[in-house]
Amino acid sequence: MTLRRLLEAPIADLTFADVEALILEEAEEGLRFELKRDLQANSGQVDPWMSGGKKLGGPARDGLAKEVVALANAYGGAIVVGVDETDDHPKRARGLAPTLIPNVIECAERVQQALDSLIDPPLPVLEVRGIETPDTDGGGVLVIRTGASTRAPHGYGRPPLAYMRRGSRSEPMTMRDLQSVLFETRSRGERITALLEQRRAALMRMIGKGAIDAAGADGPRLGAAQGVIWFRCTLVPAEDLQLRADDLGRLGYLIRPQPQSGYAALGAGQFHYGWQPRVGGIEAIDSGNRHTARWFVGDQGVVDAYGFLALDTYKDRDDVFDPVLFPPVVFEVLAMGERLRRAARRPEVELVIECELNIPGKACAVVAGGRMDRLVDVPDGETRIGPYRLGNIEDWARTYTEIQRGLWAALGLHVVQPVAFNLEEWLAEIEAQQGGRR
């Protein structure tokens with residue numbers, strides 16, 4: 001792994017070949033990179049895990065926590081454990097350590113658990129991966145990665161000890177450091193709030209125009225009394241991804257995923273064209289016989305889908321909709337957000353997602369139950385779900401489940417028909433397609 005790949009590639013994609021490339025490059029410790037030969041132990045001793053035990057020693061936990069905290073309080077970065085280093089300064093990678101990390105896959109799980117429990121407040125993004133070396137019995141190298149934290153400053157232990165990365169060293173934070181980090185954290189929070197407010201205002205402008213005007217010539221033919229449900233799903237990165245607006249519309253990573261059901265409240269996905277330039281990004285309109293939506297993608301990495309679903313006729317009702325149409329929109333936004341994050345080579349950046357459901361009048365949900373559907377009147381009014389923060393991609397399915405539960409709760413219902421979260425499957429499919437085009 002060249003140092004750039006170590007910092008920018010999805011951590012699940014790193015392999016032993018990348019470790020060899022890192023050594024061949026003689027990667028040098030610095031502001032965002034730390035090398036360790038093995039798990040730290042007291043002088044003259046060996047960490048229990050390194051000698052075949054099933055637990056990590058205190059010095060190893062504290063040593064890793066110190067380095068992780070220092071990176072998170074500065075610019076983020078990665079630690080590689082199990083690579084030998086030179087004796088000069090700054091140190092450089094020169095080969096695999098004489099003793100590799102035993103049972104490295106299980107060790108990565110233990111390290112993740114230890115750091116999650118030790119670091120305060122918890123880190124938004126903390127990824128730990130064990131990479132086995134060929135021809136060994138589970139031995140290998142640990143990679144630990146974190147981003148510049150939106151919740152800094154962080155410390156570890158009781159009382160918490162706070163460190164910051166300076167050059168290739170992790171040093172205790174000064175009061176001036178703490179003041180600076182707190183200011184940056186507040187500024188990041190204000191930026192996120194401002195971007196969410198912009199997207200909330202975009203939906204309110206659409207609602208103000210009314211469904212008939214918002215639908216336009218290509219939208220559903222709505223009667224004056226026909227009801228709709230307004231919906232918005234917005235994803236905002238905690239840091240500006242600095243994407244080029246001129247390139248956004250023609251890059252393959254903006255393909256929307258196709259919902260497994262084939263349809264979602266704001267469209268069926270897979271549009272490739274029709275993007276128009278807007279200030280700070282691009283926008284596309286997706287209209288069908290029951291919906292109209294605007295999809296905005298910003299050069300900062302914002303993804304925003306907002307519009308309406310027209311109520312339908314079913315049995316003796318003319319105000320009916322299916323609740324399972326809304327979670328697929330959330331999945332589409334999450335998938336597009338992850339593609340943007342990968343395109344920007346910023347996998348460590350935390351993402352924030354928020355949904356808004358606005359039911360201006362009478363509506364009835366169709367709920368599948370055995371052989372018969374139930375018709376359930378739902379409360380009107382506006383409900384905001386979130387914002388939720390997304391760190392490690394492994395945690396996204398849990399967040400999606402929470403949002404799905406929130407959407408059903410906004411309708412006064414328990415989740416009856418959960419919609420599956422297949423992000424990894426879709427990403428692999430899209431990346432394979434793009435690889436075939438190269």
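Position 1 is the first residue of the sequence, and the numbers go up from there.
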Euclidean distance, Ile229 CD1 relative to Leu411 CG, rounded to 0.5 Å: 7.0 Å
Tell me, do Glu8 and Arg346 make a side-chain contact under 4.5 Å, heavy atoms counted? no
Using the rule given for side chain to side chain contact (heavy atoms under 4.5 Å, CB included), can you reason through Ser168 versus Leu31, listing the C-alpha separation, both sets of side-chain angles and the distance that settles it, and then say yes or no? CA-CA 5 Å; Ser168 60; Leu31 193 62; over 6 Å; no
Taking C-beta and beyond as the side chain, do Glu350 and Glu239 meet within less than 4.5 Å on heavy atoms? no
Check whether Phe296 forms a cation-pi arrangement with Arg199 (NZ or CZ under 6.0 Å from the six-membered ring centre, at most 45° off the ring normal). yes
Verify the neighbour count for atom CZ of Arg345: are there more than 12 heavy atoms of other residues, nucleotides or ligands below 6.0 Å? no
Is there side-chain contact between Met206 and Lys209, with heavy atoms separated by less than 4.5 Å? no
Ignoring hydrogens, what is the shortest heavy-atom contact between Pro237 and Ile192? Give both atom names and the distance. O-CG1, 4.3 Å
Once rounded to the nearest 0.5 Å, what's the spacing between atom CD1 of Ile101 and atom CD1 of Ile131? 12.0 Å
Expected output: side-chain Thr185 to main-chain Ala152 donor-acceptor under 3.5 Å: yes
Side-chain (Arg37) to main-chain (Glu85) donor-acceptor, under 3.5 angstrom: yes
Worked verdict on Arg92 versus Glu25 for salt bridge (charged side-chain N to carboxylate O under 4.0 Å, His left out): CA-CA 9 Å; Arg92 290 172 288 110; Glu25 184 187 59; over 6 Å; no
Is there a donor-acceptor pair under 3.5 Å between the side chain of Ser287 and the backbone N or O of Thr292? no
Okay, side chain of Trp49, backbone of Lys54: is any donor-acceptor separation there less than 3.5 Å? no
Evaluate salt bridge (charged side-chain N to carboxylate O under 4.0 Å, His left out) for Glu348 paired with Arg341, printing each intermediate quantity in order. CA-CA 9 Å; Glu348 82 287 355; Arg341 191 169 73 158; over 6 Å; no
Among Asp299, Val303, Val302, the one residue meeting side-chain contact (heavy atoms from CB on, under 4.5 Å) with Leu340: Val303
Where do Trp396 and Leu390 come nearest, in terms of heavy atoms and distance? NE1-CB, 3.4 Å
Between Cys364 and Leu375, what is the shortest heavy-atom contact and its length? SG-CB, 3.5 Å
Carboxylate-amine/guanidinium contact Arg398 Glu402, below 4.0 Å: no
Can you say whether the rings of His291 and Tyr263 are parallel (under 30°), tilted (30 to 60°) or perpendicular (over 60°)? perpendicular
salt_bridge(Asp286, Arg256) N-O dist < 4.0 Å: yes
Taking C-beta and beyond as the side chain, do Leu309 and Phe321 meet within less than 4.5 Å on heavy atoms? yes
Between Val324 and Trp408, is any pair of side-chain heavy atoms under 4.5 Å apart? yes
Is any side-chain heavy atom of Val128 closer than 4.5 Å to a side-chain heavy atom of Leu142? yes
How long is the span from the CZ atom in Arg32 to the OH atom in Tyr75, to the nearest 0.5 Å? 10.5 Å
Checking Asn73 side chain against His154 main chain: does a donor-acceptor pair fall under 3.5 Å? yes
Please report the C-alpha distance between Arg191 and Thr193 in whole Å, then the side-chain angles of each, then the deciding distance to 0.1 Å, and finally whether the side chain to side chain donor-acceptor pair (under 3.5 Å) criterion is met. CA-CA 5 Å; Arg191 172 186 164 278; Thr193 299; over 6 Å; no
Decide side chain to side chain contact (heavy atoms under 4.5 Å, CB included) for Phe421 and Gln404; before the verdict, give the C-alpha distance in whole Å, the side-chain angles of both, and the deciding distance to 0.1 Å. CA-CA 10 Å; Phe421 184 77; Gln404 189 168 190; over 6 Å; no
Flag the pair Phe308 / Phe231 as yes when their ring centroid distance falls below 6.0 Å, and as no otherwise. no
Which distance, rounded to the nearest 0.5 Å, do you find between the SG of Cys107 and the CE of Met50? 8.5 Å
Please report the C-alpha distance between Asp47 and Asp38 in whole Å, then the side-chain angles of each, then the deciding distance to 0.1 Å, and finally whether the side chain to side chain contact (heavy atoms under 4.5 Å, CB included) criterion is met. CA-CA 9 Å; Asp47 179 79; Asp38 53 24; over 6 Å; no
Go through the steps for Tyr388 and Val352 under the test side chain to side chain contact (heavy atoms under 4.5 Å, CB included), then give the verdict. CA-CA 6 Å; Tyr388 292 94; Val352 178; over 6 Å; no
Got a second to check how far Glu29's CD is from Ile79's CD1, nearest 0.5 Å? 10.0 Å
Reported CZ-to-CG distance for the pair Arg5 and Leu14, which is rounded to 0.5 angstrom: 5.5 Å
Taking all non-hydrogen atoms of both residues, which atom of Gln112 and which atom of Leu126 are closest, and how far apart? NE2-O, 2.9 Å
Closer than 4.0 angstrom, basic N to acidic O: yes or no for Asp377 and Arg317? yes
Using modelled atom types and a 3.5 Å cut-off, is there a donor and acceptor pairing between side-chain atoms of Glu34 and backbone atoms of Val81? no
For Ile11, does its backbone N or O pair with a side-chain atom of Arg129 as donor and acceptor, under 3.5 Å? yes
For the pair Arg145 (side chain) and Ala78 (backbone), establish whether a donor and an acceptor sit closer than 3.5 Å, ignoring hydrogens and angles. no
So among Glu382, Glu356, Glu354, which one has a salt bridge (charged side-chain N to carboxylate O under 4.0 Å, His left out) with Arg200? Glu354
Side-chain touch Ile212/Gln226, heavy atoms, less than 4.5 angstrom: no
Would you please test Thr313 and Asp318 for side chain to side chain donor-acceptor pair (under 3.5 Å) and show each step? CA-CA 4 Å; Thr313 300; Asp318 60 1; over 6 Å; no
Closest heavy-atom contact between Leu56 and Arg61? O-NH1, 2.8 Å
Where do Asp322 and Val366 come nearest, in terms of heavy atoms and distance? OD1-O, 3.9 Å
Check whether any side-chain heavy atom of Leu39 lies under 4.5 Å from a side-chain heavy atom of Leu64, and answer yes or no. yes
Under 3.5 Å: donor-acceptor pair, side chain of Arg374, backbone of Val367: no
Using modelled atom types only, decide if a donor and an acceptor are shared between the side chain of Arg165 and the backbone of Gly30 within a distance under 3.5 Å. yes
